[in-house]
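Following: one structure in structure tokens, then a few remarks.
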Amino acid sequence: MMACCRFGDQTIVITGFLHAALVVTDLPRSAHFYGELLGLPLADRPLDFPGIWYQVGEMQLHLMTAEQVIPDRVNDQKWGRNRHLAFGVADLARLRQRLMAAGYGVQPSTSGRSALFVTDPDGHILELNAEFNAEFNAEPPALP
């Protein structure tokens, strides 16, 4: 699907969403969280500055290093009311257990959806959502 809009006498076409980028302070720690705990597969990365890329369906998640991450949380009570990335997951209960066993706190969605929120090692909020199929309440496939 393409997005198209007119700007004066020109048509501008957005052809897709390619990636989201997050700044992290400790690349090995973040690689453990995203690669080992969440199970994201690595993506090819032709650049030579410090970072790591993951493939998420047709999109990518790019992690880049910096000395600090500036927190921008505006709502401590409802994590989903803050800036966040959302991922569809096949087995939310199993992923929740894995995150909690690794010491990460989770917050259930207050909307009643089958979703929860977690923060990565640098405080970035992630939504993990089991209702990502075409039908709103479709049962996702179980992890192998």
Side-chain angles (χ1 to χ4, degrees), residues 1-5 7 11-144:
M1 174 189 268
M2 291 189 292
C4 182
C5 65
F7 183 74
T11 299
I12 300 170
V13 178
I14 303 295
T15 60
F17 192 102
L18 302 178
H19 70 267
L22 295 176
V23 175
V24 300
T25 57
D26 184 329
L27 195 57
R29 181 180 68 175
S30 293
H32 174 75
F33 179 83
Y34 287 97
E36 300 299 320
L37 292 177
L38 297 185
L40 297 180
L42 289 172
D44 289 336
R45 187 171 179 276
L47 304 176
D48 61 0
F49 62 88
I52 192 167
W53 293 359
Y54 293 100
Q55 196 68 43
V56 185
E58 294 182 16
M59 296 176 42
Q60 292 184 346
L61 175 64
H62 294 183
L63 303 183
M64 303 175 295
T65 60
E67 289 189 25
Q68 70 174 351
V69 173
I70 299 170
D72 68 347
R73 189 178 300 190
V74 296
N75 189 326
D76 286 326
Q77 303 305 310
K78 294 184 178 183
W79 293 355
R81 301 279 172 93
N82 294 284
R83 183 185 324 230
H84 65 276
L85 298 177
F87 296 102
V89 298
D91 191 335
L92 186 61
R94 186 170 170 190
L95 185 52
R96 179 182 183 272
Q97 289 175 345
R98 182 183 300 167
L99 289 165
M100 291 180 70
Y104 290 92
V106 299
Q107 184 183 84
S109 173
T110 59
S111 70
R113 295 173 298 125
S114 184
L116 60 87
F117 295 88
V118 64
T119 59
D120 78 358
D122 285 291
H124 300 295
I125 298 172
L126 306 178
E127 176 183 340
L128 304 172
N129 191 323
E131 297 173 341
F132 67 96
N133 292 329
E135 293 184 34
F136 181 71
N137 287 320
E139 187 68 26
L143 289 174

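These numbers come from a predicted model, not from an experiment. Atom set for the values below is all heavy atoms of this structure, side chains included, hydrogens, waters and symmetry mates excluded.
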> What class does the angle between the rings of W53 and H62 fall in, given that below 30° is parallel, 30 to 60° is tilted and above 60° is perpendicular?
Replying inline: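 The rings of W53 and H62 lie parallel, inter-plane angle below 30°.
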>> If you count heavy atoms of other groups shown closer than 6.0 angstrom to CG of D44, is the number above 12?
In response: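 It does not: D44 CG has 12 such atoms or fewer within range.
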>> Is it true that, when you exclude I70 itself, more than 12 heavy atoms of the residues, nucleotides or ligands shown sit nearer than 6.0 Å to its CD1?
In response: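 Not more than 12 within 6.0 Å, no.
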Any chance you could measure [X], atom [atom1], to [Y], atom [atom2], to the nearest 0.5 Å?
X    : Y   : atom1 : atom2 : result
F87  : L38 : CZ    : CG    : 7.0 Å
L27  : T65 : CG    : OG1   : 6.5 Å
D120 : R29 : CG    : CZ    : 8.0 Å
T110 : R81 : OG1   : CZ    : 6.0 Å
D122 : Q68 : CG    : CD    : 11.0 Å
Q107 : Q77 : CD    : CD    : 8.0 Å

> Passes side chain to side chain contact (heavy atoms under 4.5 Å, CB included), L128 versus R96? Steps please.
Replying inline: CA-CA 9 Å; L128 304 172; R96 179 182 183 272; over 6 Å; no
>> side chain to side chain contact (heavy atoms under 4.5 Å, CB included) for L85 and H124? Distances and angles first, verdict last.
In response: CA-CA 8 Å; L85 298 177; H124 300 295; over 6 Å; no
>> On a heavy-atom basis, which atom in L22 and which in Y34 lie closest, and how many Å separate them?
In response: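 Looks like CD1-OH, 3.3 Å.
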> What's the shortest heavy-atom distance between A66 and V23, and which atoms?
Replying inline: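 Heavy-atom minimum between the residues: CB-CG1, 3.1 Å.
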Would you check if [X] and [Y] make a side-chain contact, meaning some heavy-atom pair closer than 4.5 Å?
X    : Y    : value
M64  : F49  : yes
Y104 : L126 : no
L92  : S114 : yes
Y54  : L63  : yes
H32  : L37  : yes
V24  : F33  : no
R113 : N129 : yes

> So, Q55 side chain and G57 main chain: donor-acceptor pair closer than 3.5 Å or not?
Replying inline: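 Yes, the answer is positive, given that a donor and an acceptor are paired below the 3.5 Å cut-off.
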>> Can a donor-acceptor pair be found, under 3.5 Å and without considering hydrogens, that links the side chain of N82 to the backbone of R73?
In response: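 Not confirmed, N82 side chain does not pair with R73 backbone.
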